[in-house]
Structures are given as C-alpha cells and as structure tokens.
Amino acid sequence: MDSTVASLNRVLISRSALENNFLLCRKVAGDALLMPMIKANGYGHGMCECARVFAAAGARCFGVAEVAEAVALRQAGFEQKILVFAGMLPDFYSAILEFDLTPVFVDGSQLDSFARYAAAEDRVVAVHLKMDVGMGRQGFPPCDLPKIVSLVDRFDSLELQGIMAHFPMADDKDNSINRTIITRFTEAVAPFENRNIYLHLSNSCALFYFSEARFNMVRPGIALYGYGVDLSESQYKLLPAMSFVSRVIQVREVEKGKKLGYGHSFVTKRKTRLALIPVGYEDGYLRKLSNKGFVLLKGKRAPVVGRVSMNLIIVDVTDILGVRLGDEAVLMGRQGEEKIDADEIAGWLGTISYEVLCLFGHCNSKEYID
Ligand SMILES: *Cc1c(COP(=O)(O)O)cnc(C)c1O
C-alpha cells in the first residue's frame with residue numbers, strides 16, 4: 001500500500017506573506033534593482049519555493065551564498081541572474097560557466113586563473129567585486145579597488161558588472177559607523193560611476209533606513225521573510241512568513257510537588273494540568289527553551305515546564321480551559337489574539353530571528369499555504 005503519514009510538527013510558510021514583503025521591499029527600493037537573498041535555503045523557508053514566489057512577483061535576480069545553491073536553482077528551472085557571494089574556489093569555475101552564474105570576487109587572487117579558464121572556454125563572464133568598507137569580514141580594502149578593476153579590465157573574458165560591500169550593523173540605525181560605511185563606499189566607487197555597472201551595499205535594514213545607500217541595487221534578506229527591520233514608526237508592515245505548529249498528544253493532571261521530566265528541573269507548585277507536545281530539540285526546539293519557552297493553546301500562552309526532550313515538551317495548561325487531545329499547539333505564529341514570533345523566541349535563546357528561522361526551517365518539513 002502506498003500511504004504517507006505527515007509529522008505532527010509542521011512548519012508552515014505563507015506565500016502571500018513572502019509576496020507582500022517582496023513587494024514592499026521593491027516599493028522602498030524605488031529604481032534600484034531588488035535582489036532577494038535566498039541563501040541558507042531561503043533563511044529556512046525553502047529556497048526554490050521562495051524563488052518561485054519572488055519570481056512571480058517580478059524578481060529578476062537572486063543572491064545565494066554557495067555555488068551548489070545556485071546550481072540547484074538552475075536545475076529547478078530559474079533563468080534569472082544568480083549572484084554567488086561566498087565560496088568561490090577554482091573547483092567551481094566549470095559550474096560557473098556551465099550554469100551561467102555570476103561570481104563575486106573578494107580579492108584579485110583568482111581573477112587571473114578564472115579569466116584564463118573563461119577565455120579557454122571562449123566565454124565572457126560578468127563578475128562583481130566585494131570590498132570591505134568596515135564590515136571587517138570578507139573583501140578587499142577600498143584603496144585596492146582601482147587596481148582590481150584594472151585587472152578585470154585587462155581580460156576580455158571578464159566583464160565588470162558590479163561593485164559591492166556589506167554593512168556590519170545597519171540594524172543599529174543611529175550608530176555613526178553607518179555614515180562612515182556609506183561615505184567610504186560612495187567615495188570608492190565614484191571613479192567608476194560612469195560605467196554601466198551595479199553598485200550595491202544595502203541589506204534589509206539599510207534598505208529601509210538609509211535611502212542614500214540604495215545606489216542601483218539592493219540585497220534584502222531577512223525583511224523578505226518578515227523580520228529584522230523596525231517599522232514601528234512607519235506606515236509599512238512586514239509579515240512573518242513562517243509559523244511552526246504541532247498538536248497535543250496527551251493531557252494529564254498531576255499533584256502539587258510532582259517532579260517533571262529529565263533532571264526533574266521543574267516541580268509543580270500546585271495541582272497542575274499538563275499537555276504534551278511531540279516537539280523537541282530534534283525539531284529545532286532547543287533544550288535551552290526548557291522552563292523558558294511558551295506555546296499557544298486555545299489562543300493563550302502556556303509555559304514550557306521541565307526539560308525540552310528530543311521529541312517532547314511539557315506545557316502547563318492549568319490556566320487554560322478545555323485543552324484536549326489533538327488540539328493545535330502553536331510554537332511560533334498566531335493563534336487567536338496571541339502571537340509568538342521569531343524575535344521573541346530569539347530572545348529566550350539569546351540569539352536573533354535569523355537563527356530561529358533557519359533552525360525551525362531546516363529541522364522540519366515545510367508546507368506552503370496561501
Ligand atoms: C545575507 C546577506 C544580505 C542580506 O542581509 P539581511 O540582513 O538578511 O537583509 C545582504 N548581503 C549579503 C552579502 C549577504 O550575505
């Protein structure tokens with residue numbers, strides 16, 4: 001017999017939220033070309049599914065980290081321009097050409113060998129160059145830009161298509177480092193502005209906060225998934241695209257003084273009703289959430305009590321009437337008037353929404369809704 005049974009734990013991705021966020025980013029981007037960053041499997045949301053939504057909404061290019069991701073997009077049929085931001089090694093030269101990918105070079109060390117490779121294949125490849133104007137991670141210093149551009153110009157097999165850099169803390173809107181970053185970038189690219197190339201600096205926060213950093217291309221990631229940008233003082237709204245739901249698999253009542261779960265890390269202070277939910281650290285609901293997290297049941301918050309196990313959590317539902325076997329439990333998302341979002345969970349875990357989305361998205365099978 002051919003039957004499949006789905007997990008009780010479901011990560012749901014709202015296509016309409018992704019589309020809403022894409023359209024909002026594009027509106028804010030104005031004339032700048034919007035390049036959705038869909039690396040890390042679309043920040044856990046599913047790279048190809050996200051690409052499909054963004055393409056349908058008008059995306060003309062995509063940004064990924066690795067060549068393998070770009071190849072997967074091509075194999076899924078995407079014909080848009082794909083920039084590959086990390087992991088450019090000679091191993092990938094043939095894939096760059098075969099799949100018509102756009103490499104980002106972070107210094108001049110590989111330009112020569114790549115240019116010769118492309119020339120031998122009788123190809124002209126568009127390349128982007130990445131400066132470090134203050135991120136302090138990857139790239140070359142702005143003072144090297146003229147030298148590296150002239151290196152690119154020396155090869156008929158290379159065409160300079162873009163110059164970029166990355167913000168280290170655009171989320172800290174008022175930090176003066178952001179001005180410095182913008183100024184350094186603007187000054188470095190000034191001699192090349194008359195060329196018909198893409199200049200790009202802005203991630204999500206910079207796109208929304210610094211209009212002078214948009215140039216003619218922007219690279220939002222997290223905003224497309226509904227997070228990362230503080231829009232509390234704006235008329236705009238980003239919609240979280242991911243939710244994480246499960247079901248109640250047992251309801252039981254225990255006495256005051258009952259020690260709960262591995263390590264007996266929680267002792268009931270009253271007669272307590274407990275609900276069990278089949279989610280655990282294996283599903284990305286990390287052990288650090290023991291005695292810390294909350295889950296929505298019947299539109300109300302139920303605290304996680306005791307340790308998070310590999311496949312189980314216990315929540316206290318004493319104060320929530322009528323919780324029953326099979327009820328929907330929302331680990332992240334909305335239920336009734338209540339919500340738990342990735343920022344709140346990130347707060348419990350001491351991390352950022354990005355990591356929570358990747359974690360839940362990577363650990364669970366995804367369903368696309370709306
Ligand atoms: C991931 C990434 C982005 C997107 O950053 P967000 O903060 O998610 O908007 C932009 N540029 C580069 C180079 C990246 O790697």
Side-chain angles (χ1 to χ4, degrees), residues 17-18 21-22 24-26 28-29 32-45 47 50-51 54 59 61-70 73 81-88 101-107 127-140 161-173 175 177-178 181-182 185 189 198-210 213-231 236 238-242 342-343 346 351-359 361-362:
L18 294 172
N21 300 336
F22 176 87
L24 175 57
C25 287
R26 196 171 62 183
V28 174
L33 181 63
L34 178 75
M35 176 163 54
M37 296 302 290
I38 54 172
K39 63 193 181 197
N41 205 11
Y43 290 44
H45 295 66
M47 179 179 69
C50 291
F54 300 146
C61 55
F62 295 112
V64 297
E66 292 210 46
V67 174
E69 298 172 305
L73 281 172
K81 181 201 298 293
I82 304 176
L83 265 77
V84 181
F85 284 92
M88 191 53 53
L101 309 178
T102 307
V104 176
F105 285 99
V106 295
D107 56 33
V127 302
H128 289 232
L129 300 175
K130 184 173 186 178
M131 291 189 288
D132 174 11
V133 296
M135 173 69 165
R137 190 177 60 178
Q138 195 184 30
F140 54 85
Q161 190 186 69
I163 303 171
M164 62 163 295
H166 197 38
F167 277 100
M169 40 181 33
D171 54 321
D172 188 1
K173 202 192 297 198
N175 194 312
I177 184 72
N178 294 311
I181 298 287
I182 296 169
F185 185 80
V189 299
Y198 288 112
L199 303 173
H200 46 118
L201 177 60
S202 288
N203 60 354
S204 298
C205 283
L207 165 62
F208 282 86
Y209 299 158
F210 315 128
R214 288 176 202 146
F215 299 92
N216 57 1
M217 186 185 242
V218 294
R219 309 184 307 262
I222 194 73
L224 298 169
Y225 309 101
Y227 287 96
V229 187
D230 178 8
L231 294 178
Y236 298 136
L238 291 166
L239 305 177
M242 182 188 290
D343 287 320
T351 182
I352 53 176
S353 60
Y354 298 64
E355 195 174 23
V356 172
L357 298 174
C358 287
L359 190 60
H362 294 345

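Just the heavy atoms: all of them, side chains too, but no hydrogens, waters or symmetry mates, feed the values below. Residue indices begin at 1 and follow the sequence shown. Note that ligands are numbered from 1 as they come in the structure, with each ligand's atoms numbered from 1 the same way.
Heavy atoms of other residues, nucleotides or ligands lying less than 6.0 angstrom from CD of Glu355 number 12 at most.
Closest approach of Ser204 to Gly221, counting heavy atoms only: OG-N, 3.1 Å.
The N/O atoms of Tyr354, backbone and side chain alike, include one that comes under 3.5 Å of an N/O atom in ligand 1. Residue Arg219 places at least one N or O, backbone or side chain, under 3.5 Å from an N or O of ligand 1. Considering backbone and side-chain atoms alike, Met37 places every N or O at 3.5 Å or more from each N or O of ligand 1. For the pair Gly221 and ligand 1, the shortest N or O to N or O distance falls below 3.5 Å.
Residues Phe185 and Phe215 bring their aromatic ring centres within 6.0 Å.
Under a 4.0 Å criterion applied to the non-hydrogen atoms of Lys39, ligand 1 contributes the atoms 1 (C), 2 (C), 3 (C), 14 (C), 15 (O).
Rounding to the nearest 0.5 Å gives a distance of 5.5 Å between CG of Asp230 and NZ of Lys173. Between the CG atom in Asn178 and the CZ atom in Phe210 there is a gap of 3.5 Å [rounded to 0.5 Å]. Here CZ of Phe208 is found 4.0 Å from CG of Leu24. Values are rounded to the nearest 0.5 Å.
For atom 12 (C) of ligand 1, the closest non-hydrogen atom on the protein side is His166 CE1, 3.4 Å. Counting protein heavy atoms only, atom 9 (O) of ligand 1 is closest to Ser204 OG, 2.5 Å. For atom 8 (O) of ligand 1, the closest heavy atom belonging to the protein is Tyr43 OH, 2.6 Å. Among protein heavy atoms, the minimum distance from atom 5 (O) of ligand 1 is reached at Asn203 CB, 3.4 Å.
Taking the six-membered ring where the residue is Trp, His128 and Tyr198 present parallel rings, their angle staying beneath 30° rather than reaching 60°.
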